[in-house]
Protein chains: 2
Amino acid sequence: MLKYQQTATEIEAYIEQHALQQGDKLPVLDQLIRQFEVSKTTMTKALELLERKGTIFQVRGSGIFVRKTNRKGYIELFSTQGFKQNLVEHDIQSKVLSFELIPCPEEIIENLGSTPEEMVYAIKRIRYINDNIMCLEESYYRQAIVPYLNREIVEQSIFEYLETALGLNIGFSDMYMHVGKLPDSIAQHLELKAGDPALTVETIFHLTNGRPFDYSVITYHYEHSQFVVQANGLYL
Amino acid sequence: MLKYQQTATEIEAYIEQHALQQGDKLPVLDQLIRQFEVSKTTMTKALELLERKGTIFQVRGSGIFVRKTNRKGYIELFSTQGFKQNLVEHDIQSKVLSFELIPCPEEIIENLGSTPEEMVYAIKRIRYINDNIMCLEESYYRQAIVPYLNREIVEQSIFEYLETALGLNIGFSDMYMHVGKLPDSIAQHLELKAGDPALTVETIFHLTNGRPFDYSVITYHYEHSQFVVQANGLYL
DNA sequence: TTGATAAATTGTACATGTACAATTATAATA
DNA sequence: TATTATAATTGTACATGTACAATTTATCAA
């Protein structure tokens, strides 16, 4: 683990231990540097990481303060950076509906930048959050990049397997979101009615080297999923 | 404008001028440093900015490459960083439904960290994108921070006014999203039917010093709004 | 008191330099 | 030719140091 990531984790622990709340002030930058025994660069990067993660905010001339979202029960859609301790407080389960190795379907080719001959793992599964149906996920993995998958892996966390067992470096992703009415085919899986509202998120995942390896379409159950996003930039 | 922001803008211009496409390689870091005559720190920060913005991706040992989303017609929900050139390619118009100065409503107090006595500007407006109804926006600005607003300003970009005329420094925001069925009252404004699907986004905007100044609830028209998010971290 | 002004505090921008890890290209070997 | 080992390329991590801008605190005048 990198030093600045490690430092960031330690600062989080510090916040936890001292039970700091929204708006509370952390020690001054110089003090943090001495306290955690790192250089200014490292501390700055650690703080920047925590700022993007939404844990703190920094005010020049004033100090470093804790930023906490108070609402509970929301899913972090884009951790935008950092670790993956998003959903740890939620209990996530999966039920595999289908799992097969097929030639890349026509409509997926463009998204994955693949060829019609190329084989892909096609997986359909329902994901549960705290024993409620959260979403239906249909995903396609290029076998050229993910040479092997099996049903057992797919029942657990696929990304976990890709990173640890296969040593793949997962990089960035493009997500496309829209809201619409559920078609009957999907509604059944979510135990909802056709015409009910749904959030659909298409995502193209890339390795750090830019190669797309996974295209997935997730349809969320509108009653069991709500999302929080901590943003830092500007907007509308 | 800061040097690294300026540099980032110049690199974007470079990409534009050379008509670089997805996956095309930029000059090597050292070359970029010489070419744009900045230090390594500055260039690194500029590139980091562009990476977060989704314009490029960097691969150690390999190079710096262009990253472009090819789908058109999507709204950038969270620019996650950077400038606010999101919606420039869209034509955004507003129609003000109501505009008043009132004591802070009960249900808003907690979100804005205000008191019941405090006065807030309450604004309701419909926003159009390319002449289609995009969303209904209800927003509340604390008068303690935004001392003056009028109907004319509200018909244009409020944030533009806050930044330039009032000199406020807009910082981070917390967004809460969920999907649901439209109540009749809102459906009418969006020219939809009660029960139709809708994406609702609540946002609490803060100044850079951490003080919340704006709480808004936006209900999007499901047929006229779709969103793209370029993420960099990890996920589900 | 109030209000302006100066000084101290504190985070950010930027430069320079070293070491290193991931990738790619090259050379050596079977 | 294919495979492996080596070297060159290229971005990232990290340290140190200077200058500065935004904020807060202290000081002084009215």
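Throughout, protein chains are lettered first and strands after them, A, B, ... in sequence-line order, and every chain is numbered starting at 1.
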message: Which residues in residues 25-43 of chain A have a heavy atom closer than 4.0 Å to any atom of DNA chain D?
response: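 Residues of residues 25-43 of chain A that come under 4.0 Å of DNA chain D are, in numerical order, A:Ser39, A:Lys40, A:Thr41, A:Thr42.
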message: Among residues at least two apart in sequence or on other chains, which ones pass side chain to side chain contact (heavy atoms under 4.5 Å, CB included) with B:Thr44?
response: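 B:Thr44 satisfies side chain to side chain contact (heavy atoms under 4.5 Å, CB included) with B:Lys40 only.
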- request: Not counting sequence neighbours, which residues clear ring pair (Phe, Tyr, Trp, His ring centres under 6.0 Å) with B:Phe99? List them please.
  value: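 By the ring pair (Phe, Tyr, Trp, His ring centres under 6.0 Å) rule, B:Phe99 matches B:Tyr121.
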message: Tell me every residue that passes ring pair (Phe, Tyr, Trp, His ring centres under 6.0 Å) with A:Tyr4, counting only those two or more places apart in sequence or in another chain.
response: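 A:Tyr4 satisfies ring pair (Phe, Tyr, Trp, His ring centres under 6.0 Å) with no other residue.
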Quick one: do the [X] and [Y] side chains pair a donor with an acceptor below 3.5 Å?
X: A:Asn150; Y: A:Tyr148; answer: yes
X: A:Gln156; Y: A:Glu152; answer: no
X: A:Tyr215; Y: A:Glu202; answer: yes

- prompt: Hey, is the main chain of B:Gln230 close enough, under 3.5 Å, to the side chain of B:Lys53 for a donor-acceptor pair?
  reply: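 The answer is no, because no donor-acceptor pair under 3.5 Å joins these two groups.
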- request: Taking heavy atoms of chain B and a 4.0 Å limit, find me the 5'-most and 3'-most nucleotide of DNA chain D within that range.
  value: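 Contact boundaries, 5' end first: D:dT9 to D:dA13.
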task: Would you kindly compare A:Lys3 and A:Ser62 by the position of their nearest DNA chain D nucleotide and give the one closer to the 5′ end?
output: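 That would be A:Lys3.
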- prompt: Quick one: on DNA chain D, does B:Glu51 or B:Asn169 contact a more 5' nucleotide (nearest heavy atom)?
  reply: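 Closest to the 5' end, via its nearest nucleotide, is B:Glu51.
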- request: With sequence neighbours excluded, give me every side-chain hydrogen bond (donor to acceptor under 3.5 Å, both in side chains) pair touching residues 27-38 of chain B.
  value: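 Qualifying pairs: B:Gln31-B:Arg34, B:Gln31-B:Gln35.
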message: Taking the nucleotide of DNA chain C with the nearest heavy atom to each, does B:Lys45 or B:Gly61 sit closer to the 5' end?
response: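 Result of the comparison: B:Lys45.
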message: Applying a 4.0 Å non-hydrogen cut-off, can you work out what A:Ile64 is touching in the nucleic acid: base, sugar-phosphate, or nothing?
response: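 Sugar-phosphate contact only - A:Ile64 comes under 4.0 Å of backbone atoms but never of a base.
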message: How many whole angstroms separate atom CG of A:Leu2 from atom C1' of C:dA22?
response: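 Between C1' of C:dA22 and CG of A:Leu2: 13 Å.
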